[in-house]
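First comes the structure, then the notes that go with it.
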Amino acid sequence: MAKTLKRGAAFVALARALTAGARGGPSLGARLGALPRMIAATARGRYDGGLRLAMMTAATAYVVSPVDAVPEMFLAVFGLIDDAVMVTWLAGAVLAETERFLEWESRRSSVIPGHVVP
């Protein structure tokens, strides 16, 4: 069940998320508001987003870090392209994962805690 987010899926999720408000999906505000809850649920072990959150954290560190795989100083525009691709993937990954978390959260709220009696 621990699927990793593929690059194409992240880009598709970004495109879908930008048009979701018009189609009745979760709004951008709802998705961004779910981010702290998703991190907390993952930290407590209730949600299985650990690997995906680690990938998003690594992407954020890459974009923010002054050390790049392709330095802008030497390659000018080409050096910025890797950052643009990473930011686009990161936005799509965050939007896709928050949508998945919101669905998980809604399913979880319909479950009544207790014991199964055979």
Side-chain angles (χ1 to χ4, degrees):
M1 182 150 188
K3 297 178 187 174
T4 59
L5 238 80
K6 300 205 185 293
R7 186 179 310 153
F11 292 132
V12 169
L14 176 61
R16 265 194 243 146
L18 293 175
T19 60
R23 293 182 298 159
S27 68
L28 186 59
R31 291 169 193 251
L32 293 178
L35 198 54
R37 293 192 316 271
M38 180 177 67
I39 293 169
T42 302
R44 290 185 187 117
R46 295 181 184 158
Y47 182 65
D48 68 342
L51 179 61
R52 291 177 295 277
L53 281 176
M55 290 171 53
M56 289 185 267
T57 302
T60 302
Y62 177 81
V63 170
V64 175
S65 170
V67 178
D68 266 352
V70 182
E72 285 82 8
M73 184 184 319
F74 301 113
L75 299 175
V77 175
F78 297 111
L80 295 174
I81 290 174
D82 71 319
D83 289 338
V85 168
M86 189 62 69
V87 167
T88 305
W89 177 86
L90 179 60
V94 168
L95 293 173
E97 190 58 27
T98 52
E99 182 174 359
R100 183 176 175 267
F101 175 76
L102 288 169
E103 289 172 4
W104 173 83
E105 211 172 34
S106 69
R107 282 192 314 266
R108 183 180 159 109
S109 66
S110 66
V111 174
I112 300 171
H115 300 286
V116 176
V117 179

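Keep in mind that the numbers below use all heavy atoms, side chains included, and drop hydrogens, waters and symmetry copies. Index from 1, following the sequence.
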Check: Do the side chain of R31 and the main chain of L95 share a donor and acceptor less than 3.5 angstrom apart?
Finding: yes
Notebook entry, point to check: What heavy-atom pair brings A59 and L90 nearest, and what distance separates the two atoms?
Noted result: CB-CD1, 4.0 Å
Next item on the list: Supply the atom-to-atom distance M56 CE to I39 CD1, rounded to the nearest 0.5 angstrom.
Entry: 8.0 Å
Notebook entry, point to check: Who pairs with R46 by side chain to side chain donor-acceptor pair (under 3.5 Å), at least two apart in sequence or on another chain?
Noted result: none
Next item on the list: Could you tell me the separation between the CG atom of L102 and the CD atom of E97, rounded to the nearest 0.5 Å?
Entry: 10.0 Å
Checklist line | Side chains of R37 and T98 in contact at under 4.5 Å (non-hydrogen atoms) | finding: no
Note to self: I want to check something: taking the side chain as every heavy atom from C-beta on, are M38 and L53 in contact at a cut-off of under 4.5 Å?
What the structure shows: yes
Check: Do any pairs count as a ring-ring contact (aromatic ring centres under 6.0 Å, His included) and have a residue in residues 35-57, sequence neighbours left out, and if so which ones?
Finding: Y47-F101, Y47-W104
